[in-house]
Amino acid sequence: EDQVTQSPEALRLQEGESSSLNCSYTVSGLRGLFWYRQDPGKGPEFLFTLYSAGEEKEKERLKATLTKKESFLHITAPKPEDSATYLCAVSGSARQLTFGSGTQLTVLP
Amino acid sequence: GAVVSQHPSRVICKSGTSVKIECRSLDFQATTMFWYRQFPKQSLMLMATSNEGSKATYEQGVEKDKFLINHASLTLSTLTVTSAHPEDSSLYICSKPPLGGLEAFFGQGTRLTVV
């Protein structure tokens with residue numbers, strides 16, 4: 001059974017204070033690892049797909065990396081508008097998406 | 001990215017009534033749609049897969065008589081929560097299968113509150 005564990009559950013940062021979110025996973029036959037941003041009461045918004053260990057993707061202040069066991073979402077110099085819940089998900093040989101519980105990020109001005 | 005429109009975004013209903021949620025694919029025809037449920041501070045959990053022209057496939061533990069799914073056309077799937085109870089209060093989110101890549105695209109979500 002595919003599993004995704006995200007840490008920390010919640011993270012409070014000052015504006016400009018860089019940090020990383022962790023996503024540990026076990027999956028049979030990784031097809032892709034995904035990062036999404038979710039605002040309260042809304043559906044997830046797609047950020048990145050990572051396909052293989054060593055791969056990195058960047059978008060504005062966000063950078064996602066992947067190893068064989070975990071993925072990190074690095075946030076550089078965050079702004080208050082980056083406050084959201086960040087979700088990690090994997091797709092394996094079963095071709096279903098398995099989500100983690102998310103990291104709730106709050107960036108204080 | 002692929003566009004999925006979900007309606008309504010919020011609904012409050014009385015216990016025992018039914019609520020219908022619509023999910024539309026705006027940019028391409030989808031023979032399959034996925035329905036998820038998310039309780040506060042928990043993961044998105046797949047409830048069922050709707051299939052155009054055939055019965056929906058439900059995940060283990062999801063009552064198919066309570067959560068009625070109809071894939072009316074190649075661009076519309078609906079989820080009806082029948083005889084809703086307070087424990088059905090949750091965020092319901094639809095998505096459709098990926099286009100070229102593997103990533104799924106989600107609707108805006110429907111916050112259901114049963115009072």
Side-chain angles (χ1 to χ4, degrees), chain A residues 1-11 23-27 29-52 55 57 59 64 66 71 73 84-106, chain B residues 1-12 21-27 32-49 57-62 77 79 89-113:
Chain A
E1 183 179 336
D2 300 344
Q3 288 190 327
V4 178
T5 303
Q6 291 188 245
S7 63
E9 288 186 11
L11 181 63
C23 170
S24 297
Y25 66 91
T26 55
V27 64
L30 179 69
R31 299 174 67 236
L33 183 142
F34 312 93
W35 282 99
Y36 288 87
R37 170 190 169 127
Q38 187 178 27
D39 292 308
K42 305 291 185 183
E45 174 188 341
F46 172 73
L47 293 175
F48 303 109
T49 306
L50 300 168
Y51 295 99
S52 59
E55 189 174 1
K57 294 267 179 81
K59 179 180 179 180
L66 181 65
S71 177
L73 184 65
T85 295
Y86 290 85
L87 300 172
C88 173
V90 295
S91 174
S93 56
R95 297 177 178 264
Q96 283 190 354
L97 277 180
T98 300
F99 280 88
S101 299
T103 293
Q104 184 176 357
L105 174 66
T106 303
Chain B
V3 181
V4 182
S5 177
Q6 194 172 335
H7 177 80
S9 58
R10 287 177 176 267
V11 58
I12 300 173
I21 302 169
E22 293 187 349
C23 179
R24 292 182 184 274
S25 170
L26 298 183
D27 58 350
T32 302
M33 295 275 206
F34 302 107
W35 287 95
Y36 292 82
R37 179 169 54 184
Q38 186 182 30
F39 293 108
K41 298 194 177 183
Q42 294 189 22
S43 302
L44 274 76
M45 298 299 294
L46 180 66
M47 297 176 65
T49 302
T57 306
Y58 290 83
E59 296 300 304
Q60 192 173 7
V62 177
S77 175
L79 167 67
S89 298
S90 183
L91 183 65
Y92 292 86
I93 308 172
C94 66
S95 81
K96 63 178 186 178
L99 290 173
L102 296 178
E103 57 273 10
F105 292 90
F106 293 85
Q108 302 94 319
T110 296
R111 170 72 68 192
L112 171 63
T113 303

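All values derive from a computational prediction rather than experimental measurement. Below, read A as the first sequence line, B as the second, and so on, with proteins coming before strands; counting in each chain starts at 1.
Using a 4.5 Å cut-off between heavy atoms, Y36(A) contacts chain B through its side chain alone, with no backbone atom that close. Only the side chain of Q38(A) comes within contact range of chain B, with heavy atoms under 4.5 Å apart. For a residue to count as touching a neighbouring chain, one of its non-hydrogen atoms must lie under 4.5 Å from one of that chain's; by this rule E45(A) does not touch chain B. For Q104(A), the part lying under 4.5 angstrom from a heavy atom of chain B is the side chain only. Contact of I93(B) with chain A is made through the side chain alone, with heavy-atom distances under 4.5 Å. Residue contact with chain A, scored on non-hydrogen atoms closer than 4.5 Å, involves the side chain of Y36(B) exclusively. Looking at T49(A), the atoms closer than 4.5 Å to chain B (heavy atoms on both sides) all sit in the side chain, from C-beta outward.
For S90(B) (side chain) and Q38(B) (main-chain N/O), a donor-acceptor pair under 3.5 Å exists by modelled atom type. Proximity of a side-chain donor or acceptor of S43(B) to a complementary backbone N or O of F99(A) within less than 3.5 Å is detected. Judged by distance alone, with hydrogens and angles left aside, the side-chain atoms of Q6(A) form a donor-acceptor pair with the main-chain N or O of Y86(A) at under 3.5 Å. Within the 3.5 Å criterion, the main-chain N or O of F34(A) finds no donor-acceptor partner in the side chain of E103(B). Within the 3.5 Å criterion, the main-chain N or O of S89(B) finds no donor-acceptor partner in the side chain of T113(B).
Separating the CG atom in L105(A) from the OG1 atom in T85(A) is a distance of 8.5 Å, to the nearest 0.5 Å.
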* How far apart are the C-alpha atoms of F46(A) and F105(B), what are their side-chain angles, what is the distance that settles it, and do they pass the ring pair (Phe, Tyr, Trp, His ring centres under 6.0 Å) test? -> CA-CA 7 Å; F46(A) 172 73; F105(B) 292 90; 5.8 Å; yes

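Note: G43(A) leads S91(A), G43(A), G32(A) in heavy-atom pairs under 4.5 Å with chain B. Among R111(B), Q108(B), R10(B), the residue making the largest number of heavy-atom pairs under 4.5 Å with chain A is Q108(B).
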